[in-house]
Amino acid sequence: MEDKLFIYNTLGRKKELFKPIHSPHVGLYVCGPTVYGDAHLGHARPAITFDLLFRYLTHHGYKVRYVRNITDVGHLENDADEGEDKIGKKARVEQLEPMEVVQYYTNRYHNSMNALNVLPPSIEPHASGHIIEQIEFVKKILNTGLAYESEGSIYFDVEKYNQHHHYGKLSGRNIDELMDSTRSLEGQQEKRRPIDFALWKKANPEHLMHWPSPWSEGFPGWHLECSAMGTKYLGETFDIHGGGMDLMFPHHECEIAQSTAALGHESVNYWMHNNMITINGQKMGKSLGNFITLEELFTGSHPLLKQAFSPMSIRFFILQAHYRSTLDFSNEALQASSKGFSRLMDGYQRLQKLTPGTSSTVDVANLRQRCEEAMNDDLNSPIVIAHLFDAIKAINAVHDGLATISANDLAELKATMKDFVEDILGLQTNQLANDETTDAYHKAIDLLLNLRMEAKVKKDWETADHIRNQLTALGFEVKDTKDGFEWKL
RNA sequence: GGUCGGUUGGCCGAGUGGCUAGGCAGAGGUCUGCAAAACCUUCCACGGCGGUUCGAAUCCGCCACUGACCUCCA
């Protein structure tokens, strides 16, 4: 495979040609959810963005090892190094085992991702399952002298690290400004400086999740898990690390510092960050309480929603914007993309039934190339979709007898559409099931509509309308075409 | 306050120097027993001011507004 994909590297802030370290193998690490609540629309963004990348690379023959973690320990409630563990708090409030909370929300996360047709990653490691690796990682950093122990906890010495490395290289932050602006908080006396961050925390007596370590009974710092697990599964240097923009600082910045300190070199070649989903122009997030969970979207059970939206229309909505742009949520925007999605998929299904002519009067020859070019330009899915709509226009024209398409062009169009619609964008209809039951069911509906056709020929409008009305009442949509009919549920 | 972004037509959203983005909505038409769909045509645009250029939504400067991060958040 030829390397043609350009991706925007947050390090350097420009598009760069993607070259894997060990082609055809690609190592991809993406920050997954902290499982203490249901996934919301915001969580769908990175999942779909990196699913798109995963699918695209795989489609081009790369062997991708995609690691997406589950954070189930170490993510604290308030400040970086104080406050309660998010999982622990939920467990206490709900009177559950912490791992019960983790399992519950992990299952629900998987269900949502499955509904969105997000492929499962190759490895989905839990932070709590890699305590030993994280302790080893802390030891390595301690050996370099870039971390210090204080009352049973281990902190990263940011200032000392910055003497020989650049803390802030990813987020563009300046350490002097950080020293001035970082808040000094109560209970942080054990840290030398406010910008230092925890690698290991000694557990308070009431803390539910803790493990033995050389320094104290405690738990790992939040940033550590990604460094430790990324290194374990993808090696000391790997290709791509992704996540939401809001993780750029401090999470990813700290990750770089930890890994560089422990390994003595850079560990990630390309950093990719998806932008946020906004609602009324503001970031949708847990802290602001303005989020809509995926389940609420699928069922329409949120006061801000005027209707339910199918998982696929949510996926399409997200793919219609470039991943580095903010995407504003509104009922109107979602309805618009929902309708657009139907149009796309109706056309796609129509394509399967098209009959070829002797020659083509539509130009679909370079569709694949144009879609590839858009994808290669930093995964420009909205442009891909625009090209697909051009193809839909041609498909409809052929379907209506206003244009013709040759057998060769039709075969190529079908192949291209399948590759981009299904395999790369990951869009699917709800009628792809093809077992005996559905087959019989389709034939039964066709039978009914053929009877209606016969009635129409006899100008028996009463019978014809009756059949259509009854089917409509059952939720079917019946459309007459030039010489037949179309229907869908 | 610091750092970095954004400002495109009724809505969403691409686009980095000249050539149609696309979707949804609106208007007119074709088709049609009716309906729907489809198709054709069409309307609506680049925050403001100045500069560079033969030519700017696209480059530069200033201003305005707005967002993200700087505390947990995808």
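In what follows, chains carry the letters A, B, and so on, assigned in the order in which the sequence lines appear, proteins first and then strands, with residues in each chain numbered from 1. The structure presented is a predicted model; accordingly, all values stated were derived computationally and were not measured.
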Subject >> Closest to side chain of A/Asp400, choosing from B/A38, B/G13, B/A36 >> reply: B/A38
Subject >> Pairing residues for A/Glu486 by the salt bridge (charged side-chain N to carboxylate O under 4.0 Å, His left out) criterion, not counting sequence neighbours >> reply: A/Arg350
**OP:** May I ask you to verify whether the side chain of A/Arg468 and the base of B/A35 hold a donor-acceptor pair under 3.5 Å?
**Re:** yes
**OP:** May I ask you to say what A/Ala333 touches in the nucleic acid, namely base, sugar-phosphate or nothing, with a heavy-atom cut-off under 4.0 Å?
**Re:** sugar-phosphate
**OP:** State which of B/G23, B/A68, B/G33 makes the closest approach to the side chain of A/Lys283.
**Re:** B/A68
Original post:
What integer number of Å spans the C1' atoms of B/G29 and B/G22?
Top reply: 23 Å
Original post:
How close or far is atom C1' of B/A14 from atom CG of A/Leu327, stated in whole angstroms?
Top reply: 13 Å
**OP:** Just jot down the salt bridge (charged side-chain N to carboxylate O under 4.0 Å, His left out) partners of A/Asp51, sequence neighbours excluded, or say none.
**Re:** A/Arg55, A/Arg315
Original post:
How would you label the contact of A/Ser338 with the nucleic acid (heavy atoms, under 4.0 Å): base, sugar-phosphate, or nothing?
Top reply: nothing
Original post:
Nearest nucleotide by nearest heavy atom, which residue falls closer to the 5' end of RNA chain B, A/His387 or A/Tyr323?
Top reply: A/Tyr323
Original post:
How many Å lie between CZ on A/Phe317 and P on B/C11, as a whole number?
Top reply: 15 Å
Subject >> Euclidean distance for C1', B/C24 against B/G9 (whole angstrom) >> reply: 13 Å
Subject >> Integer angstrom distance from the P of B/U16 to that of B/C60 >> reply: 14 Å
Original post:
OP1, OP2 of B/A14 versus side-chain N and O of A/Ser325: anything below 4.0 Å?
Top reply: yes
**OP:** Return the nearest nucleotide to the side chain of A/Asp328; candidates are B/G22, B/A35, B/C12.
**Re:** B/C12
Original post:
Roughly how far apart, to the nearest Å, are B/U71 and B/A14 at atom P?
Top reply: 30 Å
Subject >> Distance under 6.0 Å and angle within 45° of ring axis: A/Arg68 vs A/Phe50 >> reply: no
Original post:
Could you walk me through whether A/Thr326 and A/Asp328 pass the side chain to side chain donor-acceptor pair (under 3.5 Å) check?
Top reply: CA-CA 6 Å; A/Thr326 55; A/Asp328 199 52; over 6 Å; no
Subject >> Intra- and interstrand pairs of RNA chain B - dot-bracket, Watson-Crick/G-U under 3.5 Å, | marks other strand >> reply: (((((((..(((.....[...))).(((((.......)))))....(((((..]....))))))))))))....
**OP:** Write down the distance separating the P atoms in B/C43 and B/U20, rounded off to the nearest Å.
**Re:** 14 Å
Subject >> Closest to side chain of A/Phe249, choosing from B/C69, B/A37, B/G13 >> reply: B/C69
Subject >> Span that lies between the C1' atom of B/A21 and that of B/C12, in whole angstrom >> reply: 14 Å
Original post:
For A/Lys286 and A/Lys479, take the nucleotide of RNA chain B holding the closest heavy atom to each; which residue's nucleotide lies nearer the 5' end?
Top reply: A/Lys479
**OP:** For the pair A/Asp465 and A/Arg468, evaluate salt bridge (charged side-chain N to carboxylate O under 4.0 Å, His left out) and give the outcome as yes or no after the intermediate values.
**Re:** CA-CA 5 Å; A/Asp465 288 351; A/Arg468 187 173 63 193; 3.6 Å; yes
Original post:
Could you walk me through whether A/His130 and A/Tyr233 pass the side chain to side chain donor-acceptor pair (under 3.5 Å) check?
Top reply: CA-CA 11 Å; A/His130 296 75; A/Tyr233 296 112; 2.6 Å; yes
**OP:** Determine the minimum heavy-atom distance between A/Ile87 and A/Val35, stating which atoms define it.
**Re:** CD1-O, 3.3 Å
Original post:
Quantified in whole Å, what is the C1' atom distance between nucleotide B/G23 and nucleotide B/G5?
Top reply: 26 Å
Subject >> Output field: ring centroids A/His210/A/Phe219 closer than 6.0 Å >> reply: no
Original post:
For A/Arg173 and B/C70, what is the distance between atoms CZ and C1' respectively, to the nearest whole Å?
Top reply: 5 Å
Original post:
Could you walk me through whether A/Asp196 and A/Phe156 pass the side-chain contact (heavy atoms from CB on, under 4.5 Å) check?
Top reply: CA-CA 5 Å; A/Asp196 292 349; A/Phe156 191 89; 5.7 Å; no
**OP:** Could you tell me whether the phosphate oxygens of B/G2, OP1 or OP2, come under 4.0 Å of any side-chain nitrogen or oxygen in A/Asn174?
**Re:** no
Subject >> Partner set under ring-ring contact (aromatic ring centres under 6.0 Å, His included) for A/Phe54, not counting sequence neighbours >> reply: A/Tyr66
**OP:** Tell me what A/Met284 touches on the nucleic acid: a base, only sugar-phosphate, or nothing, going by heavy atoms under 4.0 Å.
**Re:** base
Original post:
How would you label the contact of A/Lys339 with the nucleic acid (heavy atoms, under 4.0 Å): base, sugar-phosphate, or nothing?
Top reply: sugar-phosphate
Original post:
Contact class for A/Met276 vs. all strands (heavy atom < 4.0 Å): base, sugar-phosphate, or nothing?
Top reply: base
Original post:
For A/Lys393 and B/G22, is the shortest distance between a side-chain N/O and OP1 or OP2 below 4.0 Å?
Top reply: no
**OP:** Please answer whether B/G33 and A/Trp461 are stacked, defined here as ring centres separated by less than 5.5 Å and planes angled under 30°.
**Re:** yes
Subject >> Spacing of A/Ile195 atom CD1 relative to B/U3 atom P, expressed in whole Å >> reply: 17 Å
**OP:** Would you indicate which nucleotide in B/A38, B/C11, B/G23 comes nearest to any side-chain atom of A/Glu332?
**Re:** B/C11
Original post:
Looking across every strand, which nucleic acid part, if any, lies under 4.0 Å from A/Val30 by heavy atom: base, sugar-phosphate, or nothing?
Top reply: nothing
**OP:** Would you mind classifying the nucleic acid contact of A/Asp346 as base, sugar-phosphate or nothing, using non-hydrogen atoms under 4.0 angstrom?
**Re:** nothing
Original post:
If you look at every heavy atom in A/Pro382 and A/Gln320, which pair is closest and at what distance?
Top reply: CB-O, 3.2 Å
**OP:** With heavy atoms under 4.0 Å as the rule, sort A/His273 into base, sugar-phosphate or nothing.
**Re:** nothing
Original post:
How long is the line joining CG of A/Asp176 and P of B/U3, in whole Å?
Top reply: 13 Å
**OP:** Determine: side-chain N/O of A/Arg343 to OP1/OP2 of B/G23, distance under 4.0 Å, yes or no.
**Re:** yes
**OP:** Specify the separation, in whole Å, of atom CD1 of A/Ile392 and atom P of B/A37.
**Re:** 16 Å
Original post:
Contact class for A/Gly42 (heavy atom, under 4.0 Å): base, sugar-phosphate, or nothing?
Top reply: base
**OP:** Identify, with sequence neighbours excluded, every residue that meets side-chain hydrogen bond (donor to acceptor under 3.5 Å, both in side chains) alongside A/Asn114.
**Re:** none
Original post:
Rounding to the closest angstrom, what is the interatomic distance between B/C63 and B/C54 at atom P?
Top reply: 28 Å
Subject >> Under-4.0 Å side-chain N/O to phosphate OP1/OP2 contact, A/Asn396 with B/C39 >> reply: yes
**OP:** Rounded off to whole Å, could you give me the NZ-to-P distance for the A/Lys456 and B/A36 pair?
**Re:** 14 Å
Subject >> Of the listed nucleotides B/C34, B/A14, B/G22, the one nearest the side chain of A/Ala386 >> reply: B/G22
**OP:** For RNA chain B, find the residues of residues 116-124 of chain A with a heavy-atom distance under 4.0 Å and give them by number; none if there aren't any.
**Re:** none
Subject >> Any side-chain heavy-atom pair of A/Gln258 and A/Phe197 under 4.5 Å >> reply: yes
**OP:** Could you check how far CG of A/Leu354 sits from P of B/A38, rounded to whole Å?
**Re:** 15 Å
